[in-house]
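A short worksheet on the structure shown next.
What you see is a predicted model, and the numbers here were worked out from it, not measured in a lab.
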Amino acid sequence: MKSRLVASAAISALVLLGATGCTFISPQATKIEYSASDGVNVFDSDGPIDVRNAFIVASEDGTVGNFIGAVVNPSSEKATLTITVGDLDPLTVTVPAGKTLSYGAGEEPLRIEDLDAKPGSTIEVHFQSGDGAGTKTAIPVLDGTMVHSSPSTVSPPCWSRATIGWNTRVA
């Protein structure tokens with residue numbers, strides 16, 4: 001009787017360990033950083049400013065575009081972000097201390113002339129703030145025809161991804 005009790009306890013321990021032991025060797029999916037939308041997040045460890053959900057909505061021929069994204073300054077002082085798209089002249093944005101500027105939602109998108117990136121591609125963009133060297137990131141180029149960026153889905157006064165789409169069309 002005693003051997004049956006020990007055997008059943010051992011089998012129970014093995015089943016319990018086998019059913020829960022995967023978490024000891026598998027990475028937690030909730031700790032994996034990713035961009036949960038169309039754009040990408042850019043974190044510059046050397047500078048005070050972060051960029052969230054950055055993407056470009058371009059014309060069909062890819063010669064004109066709008067930079068869309070949220071520029072976040074969590075610091076206690078105003079900061080300047082320089083955005084260089086490919087080999088074009090840089091765009092400069094000054095963000096007040098502790099504020100977020102949402103280009104394409106609360107702010108007009110940043111217009112990019114002489115863009116050479118068709119929708120569906122990515123383009124290398126250099127983001128630099130503070131005294132750091134900055135960071136280069138491949139930013140997606142979209143055409144603005146998706147449901148969430150179409151003007152027909154706008155329903156003010158609610159600010160949502162649909163509302164962001166209202167300002168993303170390239171004229």
Which is it for Lys99 and Asn73 under the side-chain contact (heavy atoms from CB on, under 4.5 Å) test, yes or no, and what are the steps along the way?
CA-CA 6 Å; Lys99 298 290 181 182; Asn73 179 6; 5.8 Å; no
On a heavy-atom basis, the closest approach of Val141 and Ala117 is CG1-O, 3.6 Å
Verify, without hydrogens or angle tests, whether Asn41 (side chain) and Asn53 (backbone) share a donor-acceptor contact under 3.5 angstrom.
yes
Tightest non-hydrogen contact, residues Ser59 and Asp61, listed as OG-OD1, 2.7 Å
Could you tell me which non-hydrogen atom of Pro140 sits nearest to which non-hydrogen atom of Ala54, and how far apart they are?
CD-O, 3.9 Å
So how far is it from Tyr103 OH to Leu91 CG, rounded to the nearest 0.5 Å?
9.5 Å
Donor-acceptor pair, Asp50 side chain versus Val72 backbone, under 3.5 Å?
no
Given side-chain contact (heavy atoms from CB on, under 4.5 Å), test Glu60 with Asp143 step by step and report yes or no.
CA-CA 7 Å; Glu60 190 175 318; Asp143 64 2; over 6 Å; no
Between the main-chain N or O of Leu110 and the side-chain N or O of Glu108, is there a donor-acceptor pair closer than 3.5 Å?
no
Roughly how far, to the nearest 0.5 Å, is the CD1 atom of Ile123 from the CD1 atom of Ile112?
7.5 Å
Correct closest heavy-atom pair for Glu113 and Leu88 would be O-CD1, 3.5 Å
Identify the residue among Leu81, Val71, Ile49 that makes a side chain to side chain contact (heavy atoms under 4.5 Å, CB included) with Phe127.
Leu81
Would you check, one step at a time, whether the test side-chain contact (heavy atoms from CB on, under 4.5 Å) holds for Ile68 with Leu142?
CA-CA 10 Å; Ile68 309 296; Leu142 307 175; over 6 Å; no
Should we count CD of Glu77 as having more than 12 external heavy atoms under 6.0 Å?
no
Testing the basics here: between Pro74 and Pro48, what is the closest heavy-atom pair and its distance to 0.1 Å?
CD-O, 3.2 Å
For His126 and Ala133, indicate whether the former's side chain and the latter's backbone hold a donor-acceptor pair under 3.5 Å.
yes
Are Val85 and Phe67 close enough, and set up right, to give a side-chain contact (heavy atoms from CB on, under 4.5 Å), and what steps lead you there?
CA-CA 9 Å; Val85 179; Phe67 174 82; 5.6 Å; no
Taking every non-hydrogen atom, the tightest pair across Gly132 and Asp46
CA-CB, 3.4 Å
